[in-house]
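Presented below is the structure to which this report refers.
Because the structure is a prediction, the values reported are computed rather than measured. Per chain, numbering begins at 1; letters A, B, ... match sequence-line order.
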Amino acid sequence: MEEQSHLQCIAALAVLLPLVGSALWFSLGKKFGEKFVSIGAVSFLALSFACIAYIFFTATLPLRINFFQWLPLGTSSVSFAFLFDPLSLALSMVVTGVGTLIHLYATGYMHGDAGFGRFFSYLNLFVFSMLMLTLSDSLPGLFLGWEGVGLCSYLLISFWFTDEANASAGKKAFIVNRVGDFGFLLAMFCIFKVFGALSIPEILQTVQAGNFSGDDLFWTRLACFGLVLGAAGKSAQIPLYVWLPDAMAGPTPVSALIHAATMVTAGVYLCCRMQPLFLLHLDVLNVIAYMGAITAFFAATIAIFQNDIKKVLAYSTISQLGYMFLAVGLGAPVAAYFHLITHAFFKALLFLGAGSVIHGLHHEQDMRHMGGLRTKMPITFWCMTIGVLAIAGVPPLSGFVSKDEILHNVWGNHDWTLVALAFTTAFMTAFYMGRLWIMTFFGKFRGHHEAHESPWTMTSVLVILAAASALAGILNWPHLWGGSETLGTYLSTVVQALIHHAEDPAHALQSSLTLAVVSSLVGLAGLTIAYFRYRNFSGEEFSSPAFRPFQNKYYIDELYDAIVVKNLRMFGKFLWKVVDGFVLDGVLNGSAALASRTSTYLRQLQTGLMQQYALWIWIGFLILLLGAWTGRS
Amino acid sequence: MSAPIAYVLFLSFAVFCFGACGFLIRKNALSLLICLELMLSGVNMAFVGFSRLHQNEGGNVLYFLVITVAACESAIGLALILNFFRLKKSVRLDEARALEG
Amino acid sequence: MLQQSLFIIMAALVLLTAGLVAFRPRPIESAMWLILNFFFTAGLYVLLGSHFVAVIQILVYAGAIMVLFVFVILLLNLDPKELGDETSLHWSSVVMFVGMLSFLLLILHVAGPQTLEPMEGLLPDSKFGSVEALAQKLLTDYVWGFELAGVILLLAIVGVGMLAYRKPKPKTPKFLDHQERPV
Amino acid sequence: MVETFLSNPDFIKWAFFAGKILLLFGLAFGVVAPVMIWVERRVAGLIQDRYGPNRVGPFGLLQSLADGIKLLLKEDLRPTEIRPVFYLLAPILSVIPAAMAFAVIPFGPPTTLGGLLPTPMRLQIAELNVGLVYVLAISSLSVYAIALAGWASNNKFSVLGSLRASAQMISYELAAGLAIVSVILLSGSVDLMAIAQSQTEMWNIFPGFLAFLVFLPAIFAETNRTPFDLPEAEAELVVGYHTEYSGIKFGLFFLAEYVNMATVSALCILFFFGGWEFLPWLSWEKIGVDLNTFWFIPTIWFFTKIAAFLFFFVWVRWTLPRFRYDQLMSIGWKTLIPIALLNILITTTYLVFEKAS
């Protein structure tokens, strides 16, 4: 674990480059124009990706690089340090890699926008905080990244802040994340109470070594729930998912990078990182599993009825994340991580494809006004096709492999509700992706503007991502099918899988093959049904009132508004009107009024007539006299 | 001389009360000072009475001090009244209400 | 017995004049009654045996202080309007008399009934009330009070001088007819 | 019948007392005042080289009687717009202090009136042991009469005259008081009888000559006589505070003035000229006069001294010019009082050395 000095400066370079970059683009963006900013941003990201790659290939993991003592906490202290181990390296590779591609894409997409410099400075700041989140060695460091990421998502969602809707969407995202962060903070406090330290390797060592008294167990259980709440907030799971669909108000590259590939996966990374802690409490893992499954199924049902192309992709992201949490909950972090990586590729691809479609149709986002674009935008069409097939789980693409891995684990767990949820969600995923695919690229063109293919900067990124999402499957090709499971072995040093398939090898191969066939069949069925339903789509659908709740997203937003926001506003008004207005001001003004009222009476005593004063003195004397007279002993 | 002390004290307090009452009723500054002198002479009576009761000169000495103070006080009071008269062209106490609350 | 009745008469006169001083409207009248009051008080002091004090009462009060008062009253020569002398039997006088009664009760109670017995007479050769005895006490036990009284008198003199002094207004010089006026 | 009266001691005491009062007040008001008026006018004539009044009675002796009757019969003029009460009160107030002062003056040594009295009694109406202070107190009261007279007669000149007169009297009273302090120091007591008896050997005039120098002008000013009679001077303010008075009211003022003169001169003699002693170092006992049988000799000698002094008053009146008012006040405050204070210092040192020897 000793630090080599050159590794230390490389790590520092990798993390600080985006930070410096964001400062540069923000201040010099206007002065030096778009060309300088775009070249600068992409090169900075590429350089940072190169450093991470260098450490990935050369360093002996796990590698801990300590910079300085950051937070003195009474006896122990938190040091500002980076921890390079398989988990963090894998995610940071994805972050910087996909980040670079998306930066390249964004230079084309944002061309001509007034806030060009500002956009890239926020994007770079986001990458910096994401790296902080993944690489930091201590929980507070992780939390710093966690908050940074939340901040950048807010800034980027409400990038076009002139429009009221974008601004409120940004606020909504930030506030919901804050609720999640509250859970995370609570967890940190509990952990500190129990372990007395906040650096992650230290905590995990004491967890594996020590046994815990009843009291400690209570606190660690509370910590786990806190972490789950934080993860749910950041990765948009059931209670706190409402912000993600509204986050689509931001520019598409932002959705692609933040709300598909990187930020939303932070929750999964957190759960995998703190897995030993979760293993202390299996009921918490169960909670995670059910949360994931329900979210997946729920989001999928909503996605079917969305007409806005980006909203569909948002809900599909939520459901895929549900899958990942399901995997983590079942104790198969490797499957979750693998799905995370593959999802990053094909979801980024889908978003960027949708972006180029919107770019081509001059910011037209409603699918009902699209159709027949396969001839006008061939490259986007072919890349989107690969993405749709991948997410639908058509073999041999990466989506199929990772989802099959998760379904295999779910099946292994023999919890039939989870299995049912998982398979129906798989079918619905295939159906709504197929719907999207057909409505945008097949049938007659229902739009107003003349569509045109996007410039090479955007289409080149689409092609690369299409290739990645197609070939990503080989990363963790299961042993049963002759694969080497490189990712599994790579991660096994940090996390261990819970379910060991005890069956004999022959039976295992036979069951996994049947499972693979079943899942691919489900996917293909979804696609074909969608094809036949929307082949000659004319424009309106689901008109009957029965579908009203689905289209309105189960009125969840209105529900939250009714329960939380209205009460908060009422409570606020109460505080303002009653407590502040009546009690505090009342007491203040009241006492002032009281003083002035009594003084008006007392003022009559001050007549200025000397003789009246003498009279009062005399009366006082009399009273004293009578007092002496009565008080005589 | 065999008058009881109670008579003397009652007399002195009566004179004092007359003075005080005059002090409160009268409207002009001059009568005020006159009543003040009356009050002081009432107090002196008590001193002399007690000195006679205890056959000790202390009371008379105190009488002397009170009489000097009375002289000074009336002198200064009259000077003030003169100034007041110059200022307000009258000695009515109603004029002296500047300190009204 | 003669002394007792004399005391009663003198007391009655003192009270009468005190009442007149308090309630006569014009200040010059109340001043004159006050002088008479001082005479009767002096008579009372003689009855109480302290002769020197009686004479001082006349010398200082009637002779000096009241001269000041009469002077000021005459000098100001105020007509009733300026005096504003409408005295109304104000409710405060009621308070006064209530006070008086309650004080008497307090004396009687606190001092006990023996205050009502007459005071024992003076020994024939006792020097009480004479100048020598008073001077003896004044200049030995209370010499500081005596000096202080002197200082207070000095203070009063300076104070009055300062208060009453009015810088003469520089009058513009009047030119007689035969003198030439400055052009 | 008579013996029963004579043998009863109370009767004798009361008779003696009545006799003293009759003697003194009869003399003061009956004899001294009218005679003085006559003497004054005669001497004035003598000094101005003319005859005085000599028509009424032998040598005009009854002139003052005639004046008195004239004043009594005159119409009682009373100007309008005056304050009636104080207008009438003023003359009364001027006479009262003059009379009261007489009660204290001893006119002879204590005698038994030729065996008539069981024990030697004082020839003094009121045996006050604080006599001197009493005289001072009474003399300070005469100011009221003048102040009220001036103010009540509602006449600008009389008001001014009264203010000047009372201011003068107050300031000179102060000077007289301080002079008397040194006399008290010399004779060691405040009782007038004691002062007189202390001067059997050496009169106070010799050690207290400076005090006499201060006392003399003070008494002239006190009685508004000659050099200090500015307020009633005809030339100045018509007749000063008693311009509006006519008839017996004016007479009273006149009478009060002369009685005051008599009192003051008696006091002066008592303080400085040994009272009824014959000569400075020659007291009556030395000559061999038995006071009990020849009790009247010192008294008569005392009255002759007073007469001489009164003559001196009149003599000064028709020779010295009048002081201007500011000179009068400056003499009072700036010369007499400092000298008096200095005098007290001198007498105290003299007493300390004398006692030491």
Side-chain angles (χ1 to χ4, degrees), chain C residues 20 24-36 38-39 41-43 45-46 49-80 122 125-135 150 153 157 161 164, chain D residues 81 83-87 89-90 92-93 96-97 100-101 104 126-154 156 158-167 169-171 173-174 177 180 184 188-191 194 241 333:
Chain C
L20 286 171
R24 290 304 296 170
R26 290 240 298 275
I28 184 67
E29 275 174 34
S30 57
M32 283 305 151
W33 283 122
L34 186 59
I35 297 170
L36 201 57
F38 286 147
F39 269 94
T41 327
Y45 292 155
V46 165
S50 36
H51 300 283
F52 183 65
V53 163
V55 174
I56 288 294
Q57 168 91 358
I58 296 175
L59 178 67
V60 173
Y61 263 127
I65 297 180
M66 284 324 289
V67 166
L68 285 180
F69 274 99
V70 168
F71 250 59
V72 168
I73 295 171
L74 301 188
L75 265 177
L76 294 184
N77 195 1
L78 305 160
D79 51 50
L122 286 175
D125 66 347
S126 92
K127 299 180 70 58
F128 174 77
S130 70
V131 180
E132 293 77 13
L134 185 72
L153 278 170
I157 293 168
Chain D
E81 287 299 327
R83 279 127 181 119
V85 173
F86 298 110
Y87 181 73
L89 193 64
I92 299 166
L93 266 184
I96 290 173
M100 284 169 73
V104 173
E127 290 115 9
L128 270 180
N129 52 19
V130 284
L132 184 65
V133 187
Y134 171 81
V135 166
L136 260 183
I138 297 304
S139 68
S140 69
L141 293 182
S142 49
V143 174
Y144 289 116
I146 296 168
L148 282 180
W151 177 68
S153 52
N154 192 15
K156 291 245 177 331
S158 57
V159 167
L160 270 178
S162 75
L163 286 183
R164 285 190 174 183
S166 32
M169 285 186 68
I170 289 172
S171 36
E173 191 184 310
L174 198 60
I180 289 171
I184 297 170
S189 144
V190 180
D191 184 356
Y241 50 86
W333 285 98

Completion exercise
Max heavy-atom pairs within cutoff under 4.5 Å with chain D, candidates C:A62, C:A64, C:A54, goes to C:A62
Practice task
With a 4.5 Å cut-off on heavy-atom pairs, point out which of C:M66, C:Q57, C:E29 contacts chain D the most.
Solution key: C:M66
Practice task
Go through the steps for C:L75 and D:L163 under the test side chain to side chain contact (heavy atoms under 4.5 Å, CB included), then give the verdict.
Solution key: CA-CA 9 Å; C:L75 265 177; D:L163 286 183; 3.7 Å; yes
Problem - Pairwise side-chain contact, C:V70 with D:W151, heavy-atom cut-off 4.5 Å (strictly under) - result: no
Handout entry: Side-chain heavy atoms of D:Y134 within contact of C:I58, under 4.5 Å
Key = no
Problem - Value rounded to 0.5 Å, distance of CG in C:L59 from CD in D:E173 - result: 7.5 Å
Handout entry: D:N129 CG to C:F52 CZ distance, which is reported to the nearest 0.5 Å
Key = 10.5 Å
Problem - Per-residue contact mode, D:V143 against chain C (heavy atom under 4.5 angstrom) - result: side chain
Exercise for the section: Under 4.5 Å heavy-atom distance to chain C, tell me which part of D:L141 shows up: side chain, backbone, both or neither. Expected result: side chain
Nearest non-hydrogen partners of [X] and [Y], listed with the distance:
X	Y	result
D:S166	C:F71	OG-CZ, 3.0 Å
D:L148	C:L74	N-CD1, 4.4 Å
C:G63	D:S140	CA-OG, 3.4 Å

Handout entry: Residue C:V67 versus chain D: region with a heavy atom under 4.5 Å
Key = both
Exercise for the section: Please state whether the side chain, the backbone, both or neither of C:M32 comes within less than 4.5 Å of a heavy atom of chain D. Expected result: side chain
Completion exercise
Answer key: most heavy-atom pairs under 4.5 Å with chain C among D:V133, D:I170, D:L136 is D:V133
